[in-house]
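Within every chain, numbering begins at 1; the chains are lettered A, B, ... in the order of the sequence lines, protein sequences first and strands thereafter. Note that the structure is predicted; figures quoted are calculated from it, not measured.
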2 protein chains.
Amino acid sequence: MNKRKKQVTIYDLATELKVAPSTVSRALKDHSSIGKETIAAVKELARKRGYRTNTMASNLRKQQTTTIGVLVPWINHPFISNLIAGIEAEARAAGYEVIISQSQDSYENEVANARALFSSRIHALIVSLAMETTHYDHITEIIQSGTPVIFVDRIPWEIEGYRVMIDNFSTARVATQHLIDQGCRRIALLGGARNQVIYHERESGYRTALQENGIEIDERLILASGQLGQEEGYRFTRHLFDENLAPDGLFSTMDIAAVGAMKYARSAGICIPEQLAVIGFNDDPVCEIIEPGLSSMSHPATEMGRKALQQALRLANPKKPPPASEVNLATGLVIRASSLRTGH
Amino acid sequence: MNKRKKQVTIYDLATELKVAPSTVSRALKDHSSIGKETIAAVKELARKRGYRTNTMASNLRKQQTTTIGVLVPWINHPFISNLIAGIEAEARAAGYEVIISQSQDSYENEVANARALFSSRIHALIVSLAMETTHYDHITEIIQSGTPVIFVDRIPWEIEGYRVMIDNFSTARVATQHLIDQGCRRIALLGGARNQVIYHERESGYRTALQENGIEIDERLILASGQLGQEEGYRFTRHLFDENLAPDGLFSTMDIAAVGAMKYARSAGICIPEQLAVIGFNDDPVCEIIEPGLSSMSHPATEMGRKALQQALRLANPKKPPPASEVNLATGLVIRASSLRTGH
DNA sequence: TTGTAAGCGTTATCAC
DNA sequence: GTGATAACGCTTACAA
């Protein structure tokens with residue numbers, strides 16, 4: 001049906017060179033027991049005939065692939081695309097391919113994608129969970145089959161698995177402390193979905209920082225949304241000022257919501273940072289673009305991808321030293337004009 | 001070596017049910033000639049034993065994969081990640097997987113990745129070329145083998161292949177015309193690598209618009225860079241004003257360079273849009289974030305991904321009607337404050 | 001409606 | 001150093 005040209009196989013090369021297929025196979029991978037001349041001849045002919053290893057056959061025979069499965073909520077989010085870029089670069093360098101699938105934050109999609117990846121007999125799986133996900137059977141199934149699974153960023157509550165993360169608690173604490181250091185006392189929080197570990201941790205870090213500084217927590221200043229975006233940031237901030245809760249500092253657990261907050265402030269004539277100091281989370285490119293520059297906590301997305309891949313390979317290869325069950329990457333406070341008050 | 005659990009095969013199911021493996025194979029795909037009860041029994045047991053098709057074996061036997069190869073310069077660029085998101089969503093819905101690789105704009109990487117993808121016997125390939133690429137042997141090789149190849153966005157000059165694009169010429173003409181309509185007469189161009197078709201086309205569109213309006217082209221206002229980014233945008237704009245070439249309009253073929261231009265204008269006290277009307281290209285998220293809002297030409301990245309995949313599948317399946325050799329998607333003028341002069 | 005058997009291209013084991 | 005051969009798990013004529 002397909003008019004694809006038949007590909008050259010080791011049999012074709014063997015016939016032409018009048019040697020055995022097994023010799024060709026070995027020659028192509030520089031097996032030590034094959035004569036130098038044979039190797040040269042085989043490689044020369046392979047090049048001339050345009051021979052390409054049939055990965056499917058090889059994989060089937062070896063009972064393993066060199067494909068890394070990646071399961072993320074969205075490909076086209078800055079953080080995730082950087083994560084994937086890191087995974088891909090590292091994988092490629094190590095001779096692996098990357099197959100990606102996005103759940104679009106739907107549990108149903110995530111399950112279907114997990115099954116599809118599993119059927120492809122992936123070498124390892126790197127997962128960041130969908131917002132909706134609260135059951136993990138589709139993942140534990142894979143773990144139990146012996147396939148290495150690494151969780152990144154959006155990790156599950158229950159499963160004891162390998163993870164590559166940042167310390168969301170401490171990072172949020174640092175962000176909040178920075179606002180306090182700038183003289184803020186009424187600090188609002190724009191939080192994400194509380195059923196997600198990372199947003200829960202960030203909220204805890206915020207609360208802890210306030211307590212450590214003897215600042216009473218005003219629950220009315222804590223706002224959360226499962227869909228924290230620019231619009232929510234705008235709306236939440238307007239709400240705070242409309243209800244006479246006017247904060248003097250604002251920590252947003254996502255940069256994009258901080259942008260919304262700043263947009264509102266601008267429209268309402270609220271000066272940043274003098275009246276409202278703002279800090280975000282992730283250090284997305286927007287932080288450099290908006291005026292004033294948005295302070296944020298840097299998040300090593302690409303590095304996280306690289307690390308996750310390294311962990312996955314280590315886990316898949318019993319010869320290598322086993323990986324730590326949890327890797328924490330460093331974050332950093334990036335101070336820009338949105339939070340920097342003179343005189344502090 | 002690997003402590004992976006042995007996977008269940010159709011043989012296991014066949015033995016347990018006391019039927020032939022072929023029966024199991026057929027039952028699993030609802031073959032018409034298999035008894036209803038047999039099908040039910042097979043599926044039930046498959047579920048119970050956690051059977052998963054071994055895709056490698058199946059592919060090897062069928063001499064084809066359901067894997068779509070994607071070769072792009074960078075995964076973590078807004079335009080590309082949207083493109084990939086479109087490809088993935090459409091592919092997944094059609095039962096295909098997506099394997100991605102990034103050339104990082106290096107010719108060498110692109111060649112290596114193309115070979116690797118080819119060895120995986122991909123069903124089809126979707127390519128956006130690296131900046132460096134000027135030879136296309138690594139791609140023509142694949143086309144000649146019978147594998148469908150679809151070019152998107154960064155297409156080659158020479159190869160007669162299938163492509164999914166926007167009309168860069170007309171889109172640039174519309175952008176330039178818009179500035180002219182706003183009263184601009186000295187319009188600068190921030191262009192990309194001229195060896196790339198798309199940037200060449202955009203420059204032509206700009207020139208044509210000026211000519212159509214009887215505006216003389218001042219070559220000193222035309223600046224190009226293979227690495228057009230925020231910094232270049234800033235630098236080019238400063239150069240224009242420093243050299244007393246002060247333009248009253250600026251068309252940047254990439255949004256991010258327009259952002260740089262706006263940053264310079266702000267630092268130099270040049271009013272946008274009154275003294276300098278600015279328009280970009282792509283309608284990236286930054287356009288909404290920067291102040292004033294950046295006018296731009298919308299680029300249907302996700303749609304382009306979906307379309308490219310559809311074309312690829314159509315091309316791979318001789319039963320379907322053959323695709324058009326070139327698909328052009330619509331772009332649109334998105335007017336924001338950066339180019340909107342009152343009184344026009 | 002089901003079974004038999006060949007073969008997809010590779011690699012590992014054993015023999016020479 | 002090299003060759004013969006048997007898998008890997010699946011699909012698909014062809015046979016029954």
message: Regarding A:E44 and A:R47, does a basic nitrogen lie under 4.0 Å from an acidic carboxylate oxygen?
response: yes

- line: Protein-proximity profile, nucleotides 6-13 of chain C, B/S/- by nucleotide at the 4.0 Å heavy-atom cutoff, equals BBBBBBBB

message: Going by the rule ring-ring contact (aromatic ring centres under 6.0 Å, His included), which residues pair with A:Y96 if we only count those two or more places apart in sequence or in a different chain?
response: A:H123

field: Distance in angstrom units between B:L28 CG and D:dT12 P, rounded
entry: 13 Å

statement: Whole-Å distance, B:K18 NZ to C:dG3 P, equals 12 Å

Minimum-distance nucleotide (side-chain atoms of A:S33 versus C:dG3, D:dT2, C:dT1): D:dT2

- request: Could you tell me whether the side chain of A:F118 reaches within less than 4.5 Å of the side chain of A:T147, counting heavy atoms only?
  value: yes

- prompt: Do NZ/NE/NH1/NH2 and the carboxylate oxygens of A:R49 and A:E16 come within less than 4.0 Å?
  reply: yes

query: Who are the side chain to side chain donor-acceptor pair (under 3.5 Å) partners of B:R26, not counting sequence neighbours?
result: B:S22

- request: Please check the phosphate of D:dG1 (OP1 and OP2 only) for any side-chain N or O of A:T23 closer than 4.0 Å.
  value: no

Closest non-hydrogen atom pair, A:P300 against A:I166: CD-CG2, 3.8 Å

